[in-house]
Amino acid sequence: MTEPSDFIRDMIGADVAAGLHDGRVCTRFPPEPNGYLHIGHAKSIHLNFGIAKQFGGVCHLRMDDTNPTTEDPEYVAAIQRDVRWLGFEWGQNMFYASDYYERLYELAEGLIQKGRAYVCDLTEADMGEYRGKVGEPGKESPYRNRSVEENLDRFRRMRKGEFKEGSCTLRAKIDMASPNMKMRDPPLYRIKHAHHYRTGDAWCIYPLYDYAHCLSDSFEKITHSLCTMEFESARELYDWVVAATEVPHVPRQTEFARLNLSYTVMSKRRLLELVEKKLVRGWDDPRMPTIAGLRRRGVTREAIAEFCSRIGVAKNLSIVDMALLEHVIREDLNQRSPRVMAVLKPIEVLIENYPEGEVEQLDAPYWPHDVPKEGSRKVPFSRTIYVDRDDFLENPPKDFHRLSPGKRVRLRHAYVVTCKEVIKDANGDLARLVCTYDPATRGGSAPAGEKVAGTIQWVSAAHALDAEVRIYDRLCRVESPGDGGRDFLEDLNPDSLSVVQAKVEPSLSSAAEGQHYQFERVGFFFVDPDTRPGAPVFNRTVALKDGWAKLVGKSEPVKAEAKPREAKAAAPKGDAKELTPAAKALAEQHALSADEARVISSEPALAALFEGALAAGAAAKPIASLLANDVVRELRARRLEKAPFDGAALGELPPLVASGTLSTKLAKEVLAEMFVRGARPAEIVKEKGLSQVSDAGAVEAAVAQVLADNPDTVARYKAGNANVVGALVGMVIKSLQGRANPKVVNEILKKQLG
RNA sequence: UGGGGGAUCGUCCAACGGCAGGACGGCGGAUUCUGGCUCCGUCUAUCUAGGUUCGAAUCCUAGUCCCCCAGCCA
């Protein structure tokens with residue numbers, strides 16, 4: 001199996017290679033114990049624990065328990081159970097933010113002493129008011145400039161419990177005018193006279209996330225703190241707290257997109273609402289996207305792992321199609337579920353030519369031909385059996401390969417039968433069927449020369465077991481529940497659970513909790529913990545793909561309201577941003593394009609280089625282009641304020657291109673080198689022997705070689721894919737150590753390709 | 001609206017100046033004692049407009065759309 005790769009792993013790989021933290025990698029999974037873990041957490045768990053494993057590091061499990069009013073030890077236990085069940089072990093590395101309360105408190109006093117935090121008596125409402133609105137600066141709190149002594153005294157009294165809840169907070173003293181709302185003197189501590197599930201009544205002040213989380217990461221020497229995108233604007237504060245408290249270890253936060261799944265809900269608030277309103281049976285209701293729910297439904301950890309690896313890790317807001325989850329579940333269960341027969345909607349069938357009282361034990365393999373496993377069981381056959389109501393149609397459409405009057409169908413592993421008679425009750429509803437069987441087809445083999453199109457499952461009436469079957473379907477009936485301001489409860493699928501009394505084959509008497517089965521032609525099922533001796537309960541994990549349903553166009557979960565694809569083309573608004581006076585002057589004076597002038601005048605470093613180059617006698621136009629397209633990029637990529645060379649040096653570059661010594665590609669290389677060493681272009685060219693190869697003979701030979709080495713690519717070109725020329729050009733240039741003149745290469749290539 | 005982030009098949013993820021690829025999904029077919037599985041074929045994409053370049057999804061500029069931040073939640 002190849003290691004997964006994504007932008008976070010790439011970054012960490014680079015950090016390790018660069019020797020950051022001595023190459024050590026330590027991640028953490030930091031849930032708050034205020035609810036159960038869901039599949040979105042599974043993504044994070046796989047990412048954090050997976051990365052630790054991949055880089056030979058460790059991953060901590062940490063309860064981010066800083067809010068005593070919502071947290072509960074039951075949730076801690078559930079979280080631990082679920083993480084373990086997913087297959088991850090944290091060993092000694094189980095932590096609680098609540099264990100850090102004393103250290104956090106001390107650092108907070110330190111902040112006060114440094115004048116970087118203060119006790120604020122603003123009410124909650126006032127603090128919101130003072131924070132201001134996005135786009136306008138906030139107002140400083142009247143308590144902002146209390147003395148260190150007063151702040152210290154008040155903070156200590158906060159701790160002692162001298163103040164009422166909500167009467168004051170400890171706030172970071174940052175900047176009420178910051179464009180980042182998170183930086184407008186955020187609260188660090190608040191008063192809560194509440195009992196904490198771990199610290200009891202030891203505290204009545206509790207740190208807030210933005211203060212506790214980053215410091216907890218630091219205490220634990222976390223190297224890479226991975227979280228979801230909504231914490232992006234909190235990163236500045238994260239870094240501020242770490243820097244201001246002067247803790248020795250500095251972790252780095254990186255954000256990735258949280259998982260969203262279609263046809264379900266994922267937020268803790270909504271999940272909790274479903275549980276509290278008893279719209280589901282609990283956190284582990286199989287309809288819930290919780291780990292516990294999926295587990296109870298019969299989804300395996302392997303399927304979840306596969307799902308997590310298939311969805312990838314990126315920063316795009318995304319809604320993964322539930323069909324993908326269902327796909328990996330089927331893929332996984334297909335290999336591990338023995339096949340058995342169950343009839344969910346039984347109707348009786350009398351085999352009229354089968355001897356009364358006779359019972360045959362037919363051999364039925366547990367596994368289909370494509371699963372390399374062995375084993376079989378006996379299924380009893382007798383004169384009266386059940387088949388599924390859906391497998392009979394009195395007036396069948398064409399291609400209905402099941403039971404209907406006069407038609408032949410195979411009973412799986414048994415006999416081919418022919419439907420002779422349809423018996424109805426007083427209401428005209430189907431009561432039972434009468435069939436005849438073909439003794440020559442014992443075991444289900446078709447008579448020579450005959451093709452039996454349909455095969456259906458059945459159970460012997462006298463031997464069948466009664467079972468409760470819980471048929472679960474998607475939690476919601478629309479892709480994005482609660483979209484467009486609707487209450488998500490309105491989008492719940494009313495048919496997310498239907499319970500039927502089924503007839504199942506007698507071998508299932510030994511079905512034990514936790515076992516997977518496939519009920520042939522129906523779906524994958526899982527033995528629920530509610531199972532009691534003689535009263536089995538099966539959960540439908542996922543239905544089999546139903547080609548027939550698709551054929552007749554009544555595919556089950558209707559793809560809800562096709563999303564209107566919003567118009568992509570954005571009409572340009574015409575009035576482009578106006579140039580600043582400086583840029584305008586620059587453009588006019590040197591006949592530059594608006595873009596060039598805009599870029600050059602936007603950064604002093606560029607403007608300085610421009611002036612310098614001009615002063616050294618360079619032509620304005622090529623320098624401007626170089627500056628606006630290439631130099632600016634290097635500057636940004638290297639996060640430089642200023643280039644390590646002067647305008648005169650830069651001015652030497654364009655003539656080298658104009659004279660043919662350098663191709664534009666080589667010129668970029670030289671430029672990059674100038675940024676690294678600050679050397680002059682001519683020196684770099686000389687030292688690296690970069691001068692361009694334009695000699696036709698040399699290029700012709702290289703082209704011929706590349707063409708001979710890549711017949712496939714050439715064939716693709718001849719087949720009409722003009723784009724491959726680029727690839728060929730690249731190969732030729734590469735074969736000449738990057739020094740070939742691309743124009744010459746192109747020319748010769750086209751000639752040789754005919 | 002100030003700040004931050006994102007834009008590639010219907011969906012999710014790749015491609016890091018050189019052949020836009022994979023998976024799910026859709027459609028069609030083969031196979032089949034599961035209308036399952038498997039196999040084959042096929043469908044659809046670089047937000048827009050300029051620029052740089054022999055060559056741009058990728059670099060530069062301007063714009064458009066979407067998401068996040070205004071809890072004493074995390």
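Letters go in sequence order (proteins before strands), and every chain restarts at 1.
Comparing atom distances between the A/Lys743 side chain and each of B/rC37, B/rC54, B/rG35 picks out B/rC54 as nearest. Comparing B/rA62, B/rC60, B/rC69 by their closest approach to the side chain of A/Arg598 singles out B/rA62. Side chain of A/Pro187, nearest nucleotide from B/rU34, B/rC73, B/rC72: B/rC72. Comparing atom distances between the A/Arg402 side chain and each of B/rC37, B/rG6, B/rG35 picks out B/rG35 as nearest. Distance from the side chain of A/Thr66 is smallest to B/rA74 among B/rA74, B/rG5, B/rU34. Of the candidates B/rC13, B/rC60, B/rC69, B/rC60 carries the atom nearest the A/Val632 side chain, counting heavy atoms from C-beta on. Of the candidate nucleotides B/rG17, B/rG2, B/rU34, B/rG17 has the atom nearest to the side chain of A/Lys668. If you check B/rC12, B/rC72, B/rG2 against the side chain of A/Thr169, the one that comes closest is B/rC72.
Between A/Gln253 and A/Glu255, the side chains place a donor N or O and an acceptor N or O closer than 3.5 Å (distance only, hydrogens not considered). Between the side chains of A/Glu236 and A/Asn180, a donor-acceptor pair is found at a separation under 3.5 Å. Checked by atom type, the side-chain pair A/Thr455/A/Arg410 shows a donor-acceptor distance below 3.5 Å. Side-chain atoms of A/Ser663 and A/Asn741 form no donor-acceptor pair, as typed in the model, at a separation below 3.5 Å. Residues A/Arg442 and A/His413 bring no donor and acceptor atom of their side chains to less than 3.5 Å of each other.
A/Arg716 has no carboxylate O lying under 4.0 Å from a charged side-chain N of A/Asp712, or vice versa, which leaves the two without a salt bridge. Using a 4.0 Å cut-off between charged side-chain N and carboxylate O, A/Arg310 and A/Glu331 make a salt bridge. With salt bridges taken as basic N to acidic carboxylate O contacts below 4.0 Å, none links A/Arg131 and A/Asp185. Salt bridge annotation for A/Asp388-A/Arg521: absent, with no cationic side-chain nitrogen under 4.0 angstrom from a carboxylate oxygen.
A/Asn316 comes within 4.0 angstrom of sugar-phosphate atoms only, judged by non-hydrogen atoms across all strands, and of no base. Residue contacts shown for A/Arg633 are limited to sugar-phosphate atoms, with no base heavy atom under 4.0 Å away. Using a 4.0 Å heavy-atom distance criterion, A/Lys192 is classed as a sugar-phosphate-only contact. Counting any heavy atom pair closer than 4.0 Å across all strands shown, A/Phe400 reaches a base atom. Using a 4.0 Å heavy-atom distance criterion, A/Leu261 is classed as making no nucleic acid contact. Across all strands shown, A/Ser178 has no heavy atoms under 4.0 Å from either base or sugar-phosphate atoms. Within the 4.0 angstrom heavy-atom criterion, no nucleotide atom of any strand lies near A/Arg269. Residue A/Glu255 is classed as having no contact, given no heavy-atom separation below 4.0 Å to the nucleic acid. A/Ser5 comes within 4.0 angstrom of nothing in the nucleic acid, heavy atoms only. Looking at heavy-atom distances under 4.0 Å, A/Ser318 makes contact with sugar-phosphate atoms alone, never a base. Nucleic acid contact for A/Arg235: none, since no nucleic acid atom lies under 4.0 Å from a heavy atom of the residue. Within the 4.0 angstrom heavy-atom criterion, base atoms lie near A/Glu124. Among the protein residues, A/Asp399 comes within range of the nucleic acid bases, having at least one heavy atom under 4.0 Å from a base atom. Note on A/Tyr189: nothing from the nucleic acid sits closer than 4.0 angstrom, heavy atoms only.
OP1 and OP2 of B/rA14 both lie 4.0 Å or more from every side-chain N or O belonging to A/Arg9. Contact check, A/Lys182 against B/rC68: no side-chain N or O comes under 4.0 Å of OP1 or OP2. Applying the 4.0 Å criterion to OP1 and OP2 of B/rC69, one finds that A/Arg184 has every side-chain N and O outside that range. Applying the 4.0 Å criterion to OP1 and OP2 of B/rC73, one finds that A/Arg190 has a side-chain N or O inside that range.
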Do nucleotides 18-24 of chain B as a string where each nucleotide becomes B, S or -: B if the base has a protein heavy atom under 4.0 Å, S if just the sugar-phosphate does, - if no protein is that close. BBS--SS
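A/Leu671 places its CG atom 16 Å from the P atom of B/rC59, with the value rounded to the nearest Å. Between the C1' atom of B/rG35 and the CG atom of A/Asp391 lies a distance of 10 Å, rounded to the nearest Å. As a whole-Å value, the separation of A/Ile600 CD1 from B/rU52 C1' is 13 Å. A/Asn34 has its CG atom 12 Å from the P atom of B/rC73, to the nearest Å. For A/Leu606 and B/rU61, the CG to C1' distance is 13 Å, given to the nearest whole Å.
Side-chain N or O atoms of A/Lys182 include none that pairs as donor or acceptor with a backbone N or O of A/Tyr238 at under 3.5 Å.
Ring-to-base geometry does not place A/His213 in a stacked arrangement with B/rA74 (centre distance under 5.5 Å, plane angle under 30° required).
Put simply, the side chain of A/Asp370 and the base of B/rG36 share a donor and an acceptor less than 3.5 Å apart. No hydrogens or angles were tested; on distance alone, nothing pairs the side chain of A/Arg330 with the base of B/rG36 as donor and acceptor under 3.5 Å. A donor-acceptor contact under 3.5 Å links the side chain of A/Arg339 to the base of B/rU34. In this model, no side-chain donor or acceptor of A/Glu596 finds a partner on the base of B/rU61 within 3.5 Å.
Applying the 90° criterion around 0 to the glycosidic angle, B/rG71 comes out syn.
When all heavy atoms of A/Phe381 and A/Leu411 are compared, the closest pair comes out as CE1-CD1, 3.7 Å.
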Taking only Watson-Crick and G-U wobble pairs with both distances under 3.5 Å, what dot-bracket line describes RNA chain B, where [ ] shows pairs that cross earlier ones and | shows pairs with another strand? .((((((..((((....[..))))((((((.......))))))...(((((..]....))))))))))).....
Between A/Arg633 and A/Asp630, is the salt bridge (Lys or Arg N to Asp or Glu O under 4.0 Å) condition met? List the steps. CA-CA 5 Å; A/Arg633 171 168 180 270; A/Asp630 301 321; over 6 Å; no
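A cation-pi arrangement, defined by a distance under 6.0 Å to the six-membered ring centre and an angle within 45 degrees of its axis, is absent between A/Lys192 and A/Tyr206.
If A/Val320 and A/Ser445 are placed on RNA chain B by their nearest nucleotide, the residue sitting closer to the 5' end is A/Val320. Remark on RNA chain B: of its neighbouring residues A/Glu32 and A/Val313, the 5'-side contact belongs to A/Val313, judged by nearest-heavy-atom nucleotide.
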